[in-house]
Amino acid sequence: MRARESSDSLPAWGSVLCALALAIIPLPSLISAFRPDWVVLVVIYWSLMTPGRLGLFSAFFLGLLLDTLSGALLGQHALALLVVSYVVQRFHLRIRVFPIWQMSMTVLALLAIYQFLLFWVDGVAGRTVTTAERWAPVMIGAALWPFLLLLLENIREDVSARV
């Protein structure tokens, strides 16, 4: 039983590490504002499909790690990821049965909640962020959601078929 549990968590933590790498890779300034929130998308996926795999503590820890790696205010991403992860885990049975377009709209709303929380913390801290830098990742993340869903679903099914 232990071997199966550890092999099941390998794709989750592997995809989280890939998302962290994609979140901190330097990009040219022209396209940097359009970088999707990879970590949030991956946390949404794993909280949706296997709520026990990445819990609230894991989401908070990933947020702290993202804060540290990106140089943001410590706790900013942790708070936002914690709230998004809680909402997804609370309603995961309802969201999972949605058609793909409706699930994408739900992800759009979750990404908007995430960005609003970051906006609120930035406002309290006195940091200004441009509108494109704030809301472009929300739109792009929602547009990429069906592809990310299919990719992670194939990885999860492939690993579970091998065990």
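Source: prediction; values computed, not measured.
- Residues passing the side-chain hydrogen bond (donor to acceptor under 3.5 Å, both in side chains) test with Y114, sequence neighbours excluded: H77.
- In this structure D67 satisfies the side-chain hydrogen bond (donor to acceptor under 3.5 Å, both in side chains) test with no other residue, sequence neighbours excluded.
- The cluster map of Ile, Leu, Val, Met, Phe, Trp and Tyr, joined by side-chain heavy atoms under 4.5 Å apart, puts F116 and V87 in different clusters.
- Here the side chain of E133 pairs no donor or acceptor atom with the backbone of S32 at under 3.5 angstrom.
- Using a 4.5 Å heavy-atom cutoff, the side chains of M139 and L108 are in contact.
- The two residues V88 and L48 come nearest to each other via the heavy atoms CG1-N, 3.6 Å.
- Between the side chain of S15 and the backbone N or O of A12 there is at least one donor-acceptor pair closer than 3.5 Å.
- M49 is not listed as a side-chain neighbour of L152, based on a closest heavy-atom distance of 4.5 Å or more.
- Distance alone, capped at 3.5 Å, is enough to place a donor-acceptor pair between the Q76 side chain and the L118 backbone.
- Formation of a donor-acceptor pair under 3.5 Å by the R35 side chain with backbone atoms of L22 is found in this model.
- Cluster annotation: L150 and W38 are assigned to distinct hydrophobic clusters (Ile/Leu/Val/Met/Phe/Trp/Tyr, side-chain heavy-atom contacts under 4.5 Å, transitive).
- In this structure the side chain of L111 reaches within 4.5 angstrom of the side chain of L41, judged on heavy atoms.
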